[in-house]
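Before any comments, here is the structure.
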2 protein chains.
Amino acid sequence: MADGRGVSSQTGENLLFLTDEQLRQAIEAMFFAYRGFTADPDRILVDMAYGRAHHRAIHFINRAPGTTVNNLLGLLGVTKQSLNRVLRTLIADGLVQSQVGKSDKRERHLHLTEAGRTLEQTLSDAQRMRMRAAFRDAGPEAVAGFRTVLETMMDPEMRHSYARLKENGA
Amino acid sequence: MADGRGVSSQTGENLLFLTDEQLRQAIEAMFFAYRGFTADPDRILVDMAYGRAHHRAIHFINRAPGTTVNNLLGLLGVTKQSLNRVLRTLIADGLVQSQVGKSDKRERHLHLTEAGRTLEQTLSDAQRMRMRAAFRDAGPEAVAGFRTVLETMMDPEMRHSYARLKENGA
DNA sequence: GAGTTTACGTCAGGGTTGTTGACTTTCCAA
DNA sequence: TTGGAAAGTCAACAACCCTGACGTAAACTC
């Protein structure tokens, strides 16, 4: 707060935010906040036969329409058997559409159907509402800091995926 | 959808960080960052027969020594049957000690054994290392913002638990 | 054109985590 | 003292994810 980041000096109050106690608190904050983060969509999904895995699939298919199964696998960080089970139910229920690739027929391109988009909207509305409230209360600078830390915390590979999605959406 | 809900407000650019697109990005950041956040302890736990649930139990028992099962339940947000299974293995493996309450014999007070503390240290070292690196790179102001947003994002009940733990540790 | 690689799907088997339901022990209050 | 509530435990089951292996079709390579 007082001064920027006096990294050069190893000692002193500058690095108070790096004490073990501070880090422990941050770990707990991350844990509790993530609980809140997923709570709203979870409540909606529980009424259907769906779980968090379905939400994640729907989110990223919406975010990167036409994405292939393989690409989605990388984003979600699960095995294809795991994803396949989720995808199968979503396709069977008419929320997701799978198209054989034109240039490469081995690939399946995934899109949300109208019903899929509706559910996606419902879920993400709930999640964004909480986010928006938190962001509004915390203010722009806190939000900027929030995102900086989150991005720094990711694995490099995830950071790349994240950046690419960001460009898409922007 | 780069349109913005925030834009509808009179203040314009001030609320740019509240656009749907910004919020979507934050949701993804949260998702990817949490993956990184749990990755290191997960790698360690996979070698033992343990999972993330064990880690969480160990973390909070270490953080609030002598806590009761019921209290832990509230922190973890799972059913007591679920926690019990985890606790049973931890006790059987000699990582956690369960003492019948003195004033109320229905209660069990939980402590880490020496072996439990060792494992806790190993796990939290790994997790803190990543946190520390992220915090160092992001700088104190970003860290402050990070924590502000996380705290605002929690359910009120979790916020109370979080605050109480914070006082304990400080 | 034969052999290899890639993308996708599926079956079998197992693990952790979570749930509900039923139970014991202990406490407390009518 | 008796009935209800609370704390904890045990058992059965479902969801989700994982590994490993196999199969098919299409693309690529030599």
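The figures here come from the full heavy-atom set of this structure, side chains too, leaving out hydrogens, waters and symmetry mates. By convention in this document, chain letters (A, B, ...) are assigned in the order of the sequence lines, proteins followed by strands, and residues within each chain are numbered from 1. Since we're looking at a predicted model, the values are computed, not measured.
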Separation of C:dT6 atom P from A:N71 atom CG, nearest Å, is 17 Å

Touch check for A:S103, heavy atoms < 4.0 angstrom, all strands: base, sugar-phosphate only, or nothing? sugar-phosphate

Here the distance between atom P of D:dT9 and atom CD1 of B:I91, to the nearest Å, is 7 Å

Worksheet entry | B:R56 vs C:dG18: side-chain N/O to OP1/OP2 distance below 4.0 Å | yes

Assign A:G77 to base, sugar-phosphate, or nothing according to its heavy-atom contacts below 4.0 angstrom with the strands shown. sugar-phosphate

Of the listed C:dT17, D:dG8, C:dT20, the closest approach to the B:H54 side chain comes from C:dT17

- Message: Once hydrogens and angles are ignored, does a donor-acceptor distance under 3.5 Å link the base of D:dA6 to the side chain of B:R106?
- Response: yes

Side-chain contact check for B:V86: nearest option of D:dG8, D:dC16, C:dT17 is C:dT17

Whole-Å distance, B:L90 CG to C:dT17 C1', equals 14 Å

5'-most contact on DNA chain D (nearest-nucleotide basis), B:V69 vs A:R85, goes to B:V69

Taken to the nearest whole Å, NZ/B:K80 to C1'/C:dG21 is 11 Å

What one should report as the nearest heavy-atom pair of A:L110 and A:L72 is CD1-CD2, 3.7 Å

**Asked** Under 4.0 Å between a Lys/Arg side-chain N and an Asp/Glu carboxylate O for A:R63 and B:E21?
**Response** yes

Heavy atoms of A:H109 and A:G101 approach each other most closely as CD2-CA, 3.3 Å

Atom CD1 of B:I58 and atom P of C:dT16 are separated, to the nearest Å, by 14 Å

_Below the 4.0 Å mark, does D:dC10 have OP1 or OP2 next to a side-chain nitrogen or oxygen of B:R88?_
yes

To the nearest angstrom, the CG-C1' distance between A:L76 and D:dC16 comes to 13 Å

Original post:
Are B:D20 and A:R128 within salt-bridge range, i.e. N to O under 4.0 Å?
Top reply: yes

Whole-Å distance, B:L73 CG to D:dA6 P, equals 14 Å

message = What I want to check is whether an N or O donor and acceptor connect the side chain of A:Q81 with the base of C:dG13 at under 3.5 Å.
response = no

Winner on side-chain proximity to B:E107, out of D:dG8, D:dC16, C:dC8, is D:dG8

Closest non-hydrogen atoms of B:Q127 and B:F37, given as atom of the first, atom of the second and distance, are NE2-O, 3.0 Å

With the side chain defined as heavy atoms from C-beta on, B:N84 is closest, among D:dT9, C:dT17, C:dC11, to D:dT9

Is the phosphate of D:dC18, meaning OP1 or OP2, less than 4.0 Å from a side-chain N or O of A:T79?
yes

message: Tell me if a side-chain donor or acceptor on B:R56 pairs with a main-chain N or O of B:L76 at a distance below 3.5 Å.
response: no

Rounded to whole Å, the CG-P distance (A:N70 to D:dA25) equals 19 Å

Comparing A:S82 with A:K105, nearest DNA chain D nucleotide closer to 5' gives the residue A:S82

